[in-house]
Amino acid sequence: MWKNQRHQRIFRLLDEWQSLTTDYLVEDLSVSRETVRRDLLDMEALGLLRRVHGGAVSANARAEPPLDVRAKLQVKEKQAIARAACDLITDHKVIYFDTGSTTIFLARQLATIHGLHVITNSLEAASQLQKDYRANRSSSRVSLLGGNLTVFDFATCGQQTVREISRIQADIAFVSPTAIDPLHGALNAVQEEAEVATAMLDNSRENAVLADASKFTISGNYRSCRFDQMGTLVTDGQIRKQPEFSSRIKGLVKNLIIAE
């Protein structure tokens with residue numbers, strides 16, 4: 001594939017997905033990482049994209065794709081993470097979880113656990129859970145946190161959301177950040193989402209951060225928690241292809257689960 005063809009292909013992919021990892025482009029274009037790096041440099045100089053750690057985003061893109069797009073990415077990995085996360089939950093617990101594509105997959109796994117009180121700011125997750133609980137005549141219940149509605153992620157956020165979280169001490173919180181940074185911990189693309197995640201982590205006895213391996217190759221700007229604040233980090237087997245991250249993180253996180 002010629003250079004101009006590669007640039008057109010990258011531009012079309014970014015127009016559709018808003019963000020791409022270097023690893024994805026190497027595979028999609030069948031070229032070396034160095035070739036991808038040069039292509040991204042050239043396209044950034046032309047104002048066609050913005051380079052970020054581990055890849056690129058559209059020049060006009062938000063830091064991550066919308067929730068409905070993210071829900072179609074790394075599906076098998078997110079399903080495995082959700083199953084592993086369910087093993088951390090027992091009956092009759094109070095649970096927090098925030099908005100995110102991975103927590104949507106977790107919501108689909110919770111129907112078999114009885115007597116839960118699930119508290120979330122995710123409209124998508126709350127709707128999924130309520131539907132499943134009604135179908136199974138479950139004794140579990142769902143509470144949707146109030147606050148300002150973000151159409152982009154179908155979630156509530158803001159000071160009202162944080163205040164409501166501060167009034168309830170949950171047994172365990174599950175959060176799904178935008179990125180995992182080896183220096184800074186769990187990062188979100190949007191400050192308000194990071195504030196909600198932090199409040200959930202601060203107001204729970206245990207916590208788990210859910211992040212598929214692709215999140216170790218992208219970046220965020222707002223920290224929701226440091227590594228020493230994570231009770232458990234649940235990721236997937238693709239992390240083994242990034243040994244520089246996996247070996248380092250094992251020494252930082254209290255409990256690392258690699259879901260298969």
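Residue numbers count from 1 along this sequence.
Partners of R141 according to the salt bridge (charged side-chain N to carboxylate O under 4.0 Å, His left out) rule, which considers only residues two or more places apart in sequence or in another chain, do not exist here. In terms of the side chain to side chain contact (heavy atoms under 4.5 Å, CB included) criterion, residue partners of Q238 (sequence neighbours excluded) are, by chain and number, E77, A213, D236, K241. Looking at residues two or more places apart in sequence or on another chain, you find a salt bridge (charged side-chain N to carboxylate O under 4.0 Å, His left out) between K3 and D42. Not a single salt bridge (charged side-chain N to carboxylate O under 4.0 Å, His left out) links R83 to another residue, sequence neighbours left out.
Side-chain polar atoms of S143 and H117 form a donor-acceptor pair below 3.5 angstrom. Defined by atom type and a distance below 3.5 Å, a donor-acceptor pair is present between the side-chain atoms of D212 and S214. T178 and K215 form no side-chain donor-acceptor contact under 3.5 Å, judged by distance and modelled atom types alone.
Heavy atoms only, all atoms of each residue included: F216 and A211 are closest at CE1-O, 4.0 Å.
Counting only heavy atoms from C-beta outward, the side chains of L145 and I119 approach each other to under 4.5 Å. With a 4.5 Å cut-off on side-chain heavy atoms, K254 and T232 do not count as touching.
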Hey, can you pull the donor-acceptor pairs under 3.5 Å for the side chains in residues 195-203, sequence neighbours left out?
from: E195; atom 1: OE2; to: Q191; atom 2: NE2; distance (Å): 3.4
from: T198; atom 1: OG1; to: A194; atom 2: O; distance (Å): 2.9
from: T198; atom 1: OG1; to: S224; atom 2: O; distance (Å): 2.8
from: N203; atom 1: ND2; to: A199; atom 2: O; distance (Å): 2.8

Result block: side-chain N/O donor-acceptor pairs under 3.5 angstrom for residues 126-134, not counting sequence neighbours:
from: Q128; atom 1: NE2; to: D132; atom 2: OD1; distance (Å): 3.4
from: Q128; atom 1: NE2; to: D132; atom 2: OD2; distance (Å): 3.2

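Separation of atoms CG (L48) and CG (L14) is listed at 9.5 Å; rounding is to 0.5 Å.
With hydrogens and angles ignored, the 3.5 Å screen pairs no side-chain donor or acceptor of N188 with any backbone N or O of P177. In terms of modelled atom types and a separation under 3.5 Å, the side chain of S139 and the main chain of H114 share no donor-acceptor contact. No donor-acceptor pair closer than 3.5 Å links the side chain of S204 to the backbone N or O of N207. Judged by distance alone, with hydrogens and angles left aside, the side-chain atoms of T99 form no donor-acceptor pair with the main-chain N or O of A155 at under 3.5 Å.
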Given the rule in the salt bridge (charged side-chain N to carboxylate O under 4.0 Å, His left out) test, do E260 and K76 qualify, once you have shown the distances and angles that lead to the verdict?
-> CA-CA 9 Å; E260 304 292 352; K76 291 182 179 179; over 6 Å; no

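Look at R223 and D181 and you find no salt bridge, because none of the NZ, NE, NH1 or NH2 atoms lies under 4.0 Å from a carboxylate O.
With a 6.0 Å radius and a threshold of 12 heavy atoms from other residues, nucleotides or ligands, E34 has its CD atom above the threshold.
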